[in-house]
Amino acid sequence: MKTQFVIDSDEYKGQLNLALTIKSGQTSQPAWLQRNGCFIELVEIDGIHCLIKAKQKINDLYAPLEIIAESEEKVDEESVRSCIMNIFGLYDDLDELNNYLNKDPKLAPTIDFCRGLRLFKAHNTFECIISSISSANCSIIRWNKAIKDIKKKWGNKYNFGSDTFYTFPSPAYLQKVPEHELEEMQRLEDTLPKDYVFEKNLKSCGVGYRAKFIIKTSEMIQNNINIKKLDKESYKKAFDTLLELPGVGPKVADCILLYGFGFKMAFPVDVWIGRIVSELYFNGKEIKPPKARLFGMQKFGDYAGYVQLYMFHYARKSGLLETLKK
DNA sequence: ACGCAGGGCGATA
DNA sequence: TATCGCCCTGCG
């Protein structure tokens with residue numbers, strides 16, 4: 001089945017730069033596959049796995065967003081539409097955001113660098129949680145590869161034409177996978193061929209010491225902690241709940257809340273955001289992450305998530321980041 | 001080769 | 001409550 005439609009710029013507020021939104025290196029989900037100017041990902045909508053193709057003409061921030069959804073069963077077009085609107089941050093009012101940024105002399109310069117940049121939300125909250133845990137103390141390339149490996153080893157395979165995609169495994173499934181080679185070996189003891197290659201364990205995905213965090217977190221989400229209702233909670237309560245998960249500290253929790261659950265007042269502080277805040281608002285005096293986080297949340301309120309996104313992209317593109325490296 | 005970057009954790013005061 | 005060494009791997 002194929003569902004095809006367009007989202008015009010008059011259906012949301014402000015501009016859209018689809019490519020920038022997807023590629024701005026946000027922590028929550030691996031980058032979408034890019035081919036022939038299309039961005040492609042397998043997304044579950046109303047319980048149906050759909051191959052989503054998203055396309056926007058380049059160099060026109062008001063160009064319509066063209067969507068094609070392919071699935072075996074028929075999927076409701078309105079469901080696809082609202083899912084896409086959410087993923088690409090099209091419910092956010094960028095005109096209003098720019099007005100806000102304009103009032104702060106430190107933030108006004110970010111506007112020109114970030115036109116049409118929106119918060120790229122995760123389509124699978126569990127995947128978002130595991131991605132965020134994997135991203136801690138880790139480069140983007142490395143955790144992206146780790147997530148890809150996890151999907152390939154334990155996800156369900158979907159073929160669309162010549163393309164193969166994998167779902168992200170469920171918590172119930174992921175809590176049971178072997179942590180490392182030794183555990184994989186012990187489980188297979190009786191049936192082991194002589195030349196067996198141990199590669200179906202979490203560590204072989206390159207997650208390092210985070211393997212045990214990932215398994216324990218999967219177990220807790222399966223058994224104790226209900227993440228389905230997290231977006232109905234207050235920010236504070238949801239934050240504290242996430243901190244119970246192993247491998248989740250303040251930065252990771254805020255990424256999950258912002259990109260996975262849409263809490264726009266979250267202000268995830270990594271070393272870079274910490275340095276940028278110190279530079280812009282404290283004359284370069286070092287502000288430690290917990291302080292920077294509180295400062296950001298108090299100063300920017302419901303804009304905190306966007307401010308963090310815009311600050312980082314601005315710092316990267318303006319050369320500020322380079323000067324902060326030393 | 002080898003030292004460092006990147007968050008969270010557990011032990012320390 | 002804050003600080004510190006360690007965890008793992010890719011990169012320069």
Side-chain angles (χ1 to χ4, degrees), chain A residues 24-31 122 127-150 152-153 174 177-184 198-221 224-225 227 236 238-260 263 266-279 282 285-297 304-305 308-309 311-313 315-316 320-326:
Chain A
S24 59
Q26 309 180 44
T27 304
S28 74
Q29 59 178 332
E127 178 185 54
C128 170
I129 290 171
I130 302 303
S131 293
S132 302
I133 290 173
S134 308
S135 75
N137 205 17
C138 202
S139 70
I140 294 178
I141 324 128
R142 187 178 155 198
W143 71 259
N144 267 255
K145 187 197 161 291
I147 297 304
K148 200 175 159 190
D149 283 3
I150 289 173
K152 191 162 186 181
K153 287 185 211 296
L174 206 55
V177 307
E179 184 188 328
H180 38 57
E181 282 195 6
L182 182 63
E183 199 176 318
E184 186 185 352
F198 295 99
E199 53 183 19
K200 269 220 159 189
N201 62 80
L202 256 188
K203 274 207 166 168
S204 67
C205 300
V207 295
Y209 59 86
R210 303 161 197 82
K212 55 167 64 66
F213 296 157
I214 291 171
I215 289 170
K216 183 67 182 162
T217 286
S218 303
E219 193 188 306
M220 288 171 70
I221 288 174
N224 314 321
I225 292 187
I227 56 164
K236 174 84 175 70
F239 183 77
D240 288 341
T241 301
L242 288 174
L243 285 189
E244 292 178 37
L245 300 170
V248 178
K251 192 269 182 179
V252 167
D254 276 330
C255 281
I256 295 169
L257 290 172
L258 182 59
Y259 297 111
F263 284 92
F267 190 71
V269 176
D270 59 14
V271 289
W272 294 108
I273 293 298
R275 285 169 196 166
I276 295 166
V277 166
S278 304
E279 176 67 21
F282 295 90
K285 179 181 171 291
E286 190 197 350
I287 300 300
K288 297 257 163 48
K291 285 251 168 60
R293 171 174 174 267
L294 290 178
F295 168 80
M297 292 184 69
Q308 168 267 164
L309 176 66
M311 264 183 178
F312 186 71
H313 185 70
R316 210 155 63 161
L320 175 60
L321 219 52
E322 287 302 316
T323 71
L324 293 177
K325 276 186 180 169
K326 38 173 186 42

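FYI, side chains are in, hydrogens and waters are out, and symmetry mates aren't considered; it's all heavy atoms of this structure. Residue numbering restarts at 1 for every chain, and letters A, B, ... go by the order of the sequence lines.
In this structure, the CD1 atom of A:I256 is 12 Å from the C1' atom of B:dG7, given to the nearest Å. Separating the CD1 atom of A:I140 from the C1' atom of B:dA5 is a distance of 13 Å, rounded to the nearest angstrom. For the pair A:K212 NZ and B:dG7 C1', the computed distance is 16 Å after rounding to whole Å. For the pair A:L242 CG and B:dG8 P, the computed distance is 12 Å after rounding to whole Å. In this entry the distance linking CG of A:L321 with P of B:dA5 reads 14 Å, nearest Å. Counting to the nearest Å, the P atom of B:dG8 and the CD atom of A:E244 are 16 Å from each other. Rounded to a whole Å, the CH2 atom of A:W143 is 17 Å from the C1' atom of B:dA5. Rounded to an integer number of Å, the gap from CD1 of A:I133 to C1' of C:dC8 is 16 Å.
Along DNA chain B, the nucleotide closest to A:R142 and the one closest to A:F213 are compared, and the more 5′ of them pairs with A:R142. Between A:W272 and A:L245, the residue anchored nearer the 5' end of DNA chain B, judged by the nucleotide with its closest heavy atom, is A:W272.
Residue A:R210 places no side-chain atom within donor-acceptor reach of the base of C:dC7, judged by atom type and a 3.5 Å distance cut-off alone. Contact annotation: side chain of A:Y209 to base of B:dG8, donor-acceptor pair absent below 3.5 Å.
If you check every strand for non-hydrogen atoms under 4.0 Å, A:L243 touches nothing. A:R275 comes within 4.0 angstrom of the backbone, heavy atoms only, and of no base. Nucleic acid contact class of A:V207 (heavy atoms, under 4.0 Å, all strands): none.
Closest to the side chain of A:K288, from the set C:dC11, C:dT3, C:dC8, is C:dT3. Side-chain atoms of A:I141 lie closest to C:dC11 of the nucleotides C:dC11, C:dC8, B:dG7. Picking from B:dG7, B:dG8, C:dC11 the nucleotide with the shortest atom distance to the side chain of A:P250 gives B:dG8.
Between A:L257 and A:A266, the closest heavy-atom pair is CB-CB, 4.4 Å.
The shortest distance between side-chain heavy atoms of A:P268 and A:I256 does not fall below 4.5 Å.
Geometrically, A:R293 engages A:F239 in a cation-pi contact defined by less than 6.0 Å to the ring centre and at most 45° from the axis.
OP1 or OP2 of C:dC8 has at least one side-chain nitrogen or oxygen of A:K203 nearer than 4.0 Å.
Taking 4.0 Å as the cut-off between side-chain N and carboxylate O, A:K153 and A:D149 do not count as a salt-bridged pair.
Close placement of the A:F282 and A:F295 rings is indicated, their centers lying within 6.0 Å of each other.
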